[in-house]
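We count ligands from 1, going down the list as the structure has it; atoms in each ligand are counted the same way. Computed from a predicted structure; not experimentally measured.
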Amino acid sequence: MTITVIGAQWGDEGKGKIVDFLAEQADDVVRFSGGANAGHTIIRDGEKFTLHLVPSGILYPNTVVTLGIGMVIDVPSLFQELDTLEAQGIQWKGRVLVSDRAHVLLPGDREEDKRLDASRRLPIGTTGRGIGVAYVRKAARDGVRVCDLVDDETFAKLSADEQAHFQPYRDRLKRMSSDLSDRMHSHQGRRILLEGAQGVMLDLDFGTYPYVSCGMSSAGGASLGGGIGPRRIDRVIGVFKAYSTRVGNGPFPSEFSVERDGDLGERVQTIGHEFGATTGRPRRCGYLDLVALRYAVRTNSIDGLVLTKLDIYDSFDEIAVCTGYTIEGKTWRTVPANLRQYEQAVPVIERLPGWQRSTANASRYEDLPARAQDYIRFIESFVEAPIDIVSVGSSRDQTIIRRTPWKA
Ligand code: GDP
Ligand code: IMO
Ligand code: MG
């Protein structure tokens with residue numbers, strides 16, 4: 001069985017926690033997109049693991065993880081991350097594979113990313129990890145792939161600087177390099193998780209272009225980037241938070257504003273610890289944008305949703321959600337392609353009563369306060385998809401399963 005897990009908002013929805021949770025039953029976890037722009041957090045027995053390139057199945061000793069075809073890999077960062085994991089007691093050797101078709105960053109890509117963004121008329125606010133530079137080189141058919149580093153003759157054609165940059169890692173990369181599509185083919189019948197990065201609204205095609213990342217964060221990318229045909233993917237799971245956040249620039253209609261919402265934004269940011277796992281930047285916070293979430297459900301064939309961070313709203317007396325946009329005097333229930341219009345969107349807000357009780361210890365759905373269940377039902381009926389898993393804290397055991405995606 002193969003399950004795709006994607007972020008259904010602007011990233012940082014809790015994909016790391018959920019992939020780790022589901023990976024307990026997985027044989028393989030494959031990251032299919034992005035690079036070290038991602039920051040996926042897992043809390044195990046109180047200990048924090050922050051993953052940027054390594055897939056979030058690494059904490060289970062029998063799970064094999066692969067950096068997929070659709071990724072852009074910063075090779076020195078990968079080995080630094082593996083060293084950190086080793087220092088945290090994770091035995092990774094023999095369990096981390098790298099697709100031979102994945103692209104690698106070249107020395108200087110990070111600096112070029114920062115320089116380019118600073119020179120943009122309207123900076124995107126990239127993570128400065130060289131992601132866009134590597135994907136543009138890939139699309140320009142001038143990229144360097146893992147297979148090129150492994151092959152002596154192709155490697156010899158790189159510049160002296162490039163060779164010096166990769167040389168310390170070549171032997172290790174050779175041992176980890178893998179034909180992912182062949183592996184996926186021979187592993188039919190096993191349990192495979194395809195882990196996305198970023199989120200639908202940051203996807204190059206579906207997102208708020210040009211304020212997007214360069215990878216394929218949507219479910220369509222799981223097939224290409226995971227080395228598997230689209231019809232072999234059995235289920236698509238979309239992870240979203242009880243509210244919305246966004247890092248970097250670009251339209252965000254449901255963003256809290258001090259004039260309209262007083263200290264709500266600051267409260268969500270503080271209680272939810274909304275600071276980037278990669279750059280430490282404060283995340284912009286807003287109401288749950290149900291229009292954008294429904295767009296994600298529809299464009300990704302999401303079968304089941306995972307609601308995270310419900311606990312952050314425990315102390316709120318009222319919960320507001322965005323159910324439409326007012327643009328140039330008209331009400332929209334869809335996401336406009338045109339950024340000039342999207343930037344003007346004023347959220348249509350509906351309010352629900354808060355539950356004002358802790359959800360952090362709820363282990364069954366029935367344990368959740370009635371008003372929290374009402375909130376969940378409201379979301380399900382708007383976006384027309386079931387919420388199968390509810391997360392009420394960062395640790396593994398703070399996860400309520402209503403329907404396991406592993407069951408056929
Ligand atoms: P990702 O990029 O989608 O993997 O998400 P991040 O790791 O960047 O951000 C999610 C943050 O929320 C992490 O710090 C998680 O530990 C934390 N988190 C995940 N689920 C929950 C939850 O249900 N409640 C709380 N309080 N924190 C959560
Ligand atoms: P995870 O996987 C949140 C945002 C950046 C910027 C835009 C483009 O942890 O959810 P890039 O460096 O990719 O060219 O930046 O995308 N961004 C993310 N925001 N979570 C992420 O990853 C992100 N990866 C990129 O802030 O606005
Ligand atoms: Mg993150």
Suppose we measure from atom 8 (C) of ligand 2 to each protein heavy atom; which comes out shortest, and what is that distance? V212 O, 3.5 Å

Applying a strict 4.0 Å limit to heavy atoms, is Y211 in contact with ligand 2? no

V392, portion touching ligand 1 at heavy-atom distance under 4.0 Å: backbone

Counting only heavy atoms not in Q91, do more than 12 fall under 6.0 Å of its CD? no

Give the intermediate values and the outcome of side chain to side chain donor-acceptor pair (under 3.5 Å) for residues S218 and D205. CA-CA 9 Å; S218 52; D205 292 288; over 6 Å; no

Assess the residue pair S159 and D161 against the criterion (side chain to side chain donor-acceptor pair (under 3.5 Å)); give the C-alpha distance rounded to whole Å, side-chain angles, the decisive distance to 0.1 Å, and a yes or no. CA-CA 5 Å; S159 73; D161 264 6; 5.5 Å; no

Would you mind listing which atoms of ligand 2 come within a distance below 4.0 Å of any non-hydrogen atom of W10? 3 (C), 19 (N)

Checking a contact table here: which protein heavy atom is nearest atom 3 (C) of ligand 2, and how many Å away? D12 OD2, 3.2 Å

the protein heavy atom lying closest to atom 23 (O) of ligand 1 turns out to be S391 OG, 2.5 Å

Within-cut-off N or O pair, G39 and ligand 2, under 3.5 Å: yes

Within the distance-only criterion (no hydrogens, no angle test), does the side chain of R396 pair as donor or acceptor with the backbone N or O of R44 below 3.5 angstrom? no

Does R284 qualify as a cation-pi partner of F252, given the criterion of NZ or CZ under 6.0 Å from the six-membered ring centre and within 45 degrees of its axis? no

Should we count OH of Y365 as having more than 12 external heavy atoms under 6.0 Å? yes

Determine the sole option in S394, S391, S56 for which the side chain to side chain donor-acceptor pair (under 3.5 Å) test with K17 is passed. S391

Can you tell me which residue and heavy atom of the protein come closest to atom 5 (C) of ligand 2, and the distance to 0.1 Å? G125 O, 3.7 Å

For ligand 2, find out whether one of its N or O atoms is nearer than 3.5 Å to an N or O atom of V247. yes

Pull out every atom of ligand 1 sitting under 4.0 Å from any heavy atom of H40, numbered as shown with elements. 1 (P), 2 (O), 4 (O), 7 (O)

Backbone N/O of V54 and side chain of E81: donor-acceptor pair under 3.5 Å: yes

Atom 23 (C) of ligand 2 has as its nearest protein heavy atom Q198 CG, 3.6 Å

Give the contacting part of K17 toward ligand 1: side chain, backbone, both or neither, where contact means a heavy-atom distance below 4.0 Å. side chain

Considering only protein heavy atoms, which is closest to atom 2 (O) of ligand 1, and at what distance to one decimal place? G39 O, 2.9 Å

I need the atoms of ligand 1 closer than 4.0 Å to a non-hydrogen atom of I312, numbered in the order shown. 26 (N)

Nearest neighbour in protein (non-hydrogen) for atom 13 (O) of ligand 2: S213 OG, 2.6 Å

Can you report which non-hydrogen protein atom sits closest to atom 24 (N) of ligand 1, along with the distance? D311 OD1, 2.8 Å

Look at the side chain of R31 and the backbone N and O of H52, then say whether any donor-acceptor pair between them is shorter than 3.5 Å. yes

Considering heavy atoms of the protein only, find what lies nearest to atom 4 (O) of ligand 1 and give residue, atom and distance to 0.1 Å. G16 N, 2.8 Å

Mark yes or no for whether R95, through its side chain, and T63, through its backbone, hold a donor-acceptor pair below 3.5 Å. yes

Does K15 have a non-hydrogen atom less than 4.0 Å from ligand 2? yes

Min over L310, T278, D12, I6 of heavy-atom distance to atom 10 (C) of ligand 1 lands on D12

Check if R283 has a non-hydrogen atom at a distance under 4.0 Å from any atom of ligand 1. yes

Considering distance alone, does some N or O of R129 sit under 3.5 Å from an N or O of ligand 2? no

Should we count CD of E266 as having more than 12 external heavy atoms under 6.0 Å? no

Can you pull out the closest protein heavy atom to atom 16 (O) of ligand 1? Residue, atom name and distance to 0.1 Å, please. S394 CB, 3.4 Å

Please say whether D113 places an N or O atom under 3.5 Å from an N or O atom belonging to ligand 2. no

What is the closest protein heavy atom to atom 17 (N) of ligand 2, and at what distance does it sit? L202 CD1, 3.7 Å

Measure from the side-chain N and O atoms of T359 to the backbone N and O of A362, and report whether any donor-acceptor pair falls under 3.5 Å. no

Over 60° means perpendicular and under 30° means parallel, so tell me whether Y313 and Y243 are parallel, tilted or perpendicular. perpendicular

Closest heavy-atom contact between S358 and D314? CA-OD2, 3.3 Å

Could you say whether the N/O atoms of H40 and ligand 2 ever approach to under 3.5 Å? yes

Any nitrogen or oxygen of G14, side chain or backbone, less than 3.5 Å from one on ligand 1? yes

E13: numbered ligand 1 atoms lying under 4.0 Å from its heavy atoms: 3 (O), 5 (O)

Atom 12 (O) of ligand 2 sits nearest the protein heavy atom T127 OG1, 2.6 Å

Can you check whether G393 has an N/O within less than 3.5 Å of an N/O in ligand 1? yes

Which of the atoms in ligand 2, numbered in the order shown and given with their element, are less than 4.0 Å from a heavy-atom of G248? 27 (O)

For the pair D261 (side chain) and S257 (backbone), establish whether a donor and an acceptor sit closer than 3.5 Å, ignoring hydrogens and angles. yes

Checking Q344 side chain against I327 main chain: does a donor-acceptor pair fall under 3.5 Å? no

Kindly confirm or rule out an N or O of E13 lying under 3.5 angstrom from an N or O of ligand 2. no

For A38, take its heavy atoms, then give the atoms of ligand 2 lying under 4.0 Å from any of them. 1 (P), 2 (O), 9 (O), 22 (O)

Tell me whether ligand 2 is touched by R246 - counting only heavy atoms on the residue side and a distance under 4.0 Å. no

To the nearest 0.5 angstrom, please state how far the CD1 atom of I73 sits from the CZ atom of R145. 12.0 Å

Ignoring hydrogens and geometry, is there a side-chain-to-backbone donor-acceptor pair from R235 to K407 under 3.5 Å? yes

Whether the side chain of K309 engages the backbone of G14 through a donor-acceptor N/O pair (distance < 3.5 Å, no angle test) should be reported. no

Of all the N, O or S atoms in D12, which has the shortest distance to the Mg ion (ligand 3)? OD1

Considering non-hydrogen atoms of the protein only, which is the closest contact for atom 15 (O) of ligand 2, and what is the distance? T126 CA, 3.4 Å

Is there a side chain to side chain contact (heavy atoms under 4.5 Å, CB included) between R129 and T278? Walk through the geometry before answering. CA-CA 9 Å; R129 296 298 189 271; T278 296; 3.3 Å; yes

Where is the nearest protein heavy atom to atom 11 (C) of ligand 1: which residue, which atom, and how far? K309 NZ, 3.8 Å

To the nearest 0.1 Å, how far is atom 7 (O) of ligand 1 from its closest protein heavy atom, and which atom is that? T41 OG1, 2.6 Å

Quick check: does G39 put an N/O/S atom under 2.8 Å from the Mg ion (ligand 3)? yes

Is a side-chain donor or acceptor of R170 paired with a backbone partner of F155 at a separation under 3.5 angstrom? no

Taking only non-hydrogen atoms of K15 and a 4.0 Å limit, the atoms of ligand 1 in range are 1 (P), 2 (O), 3 (O), 4 (O)

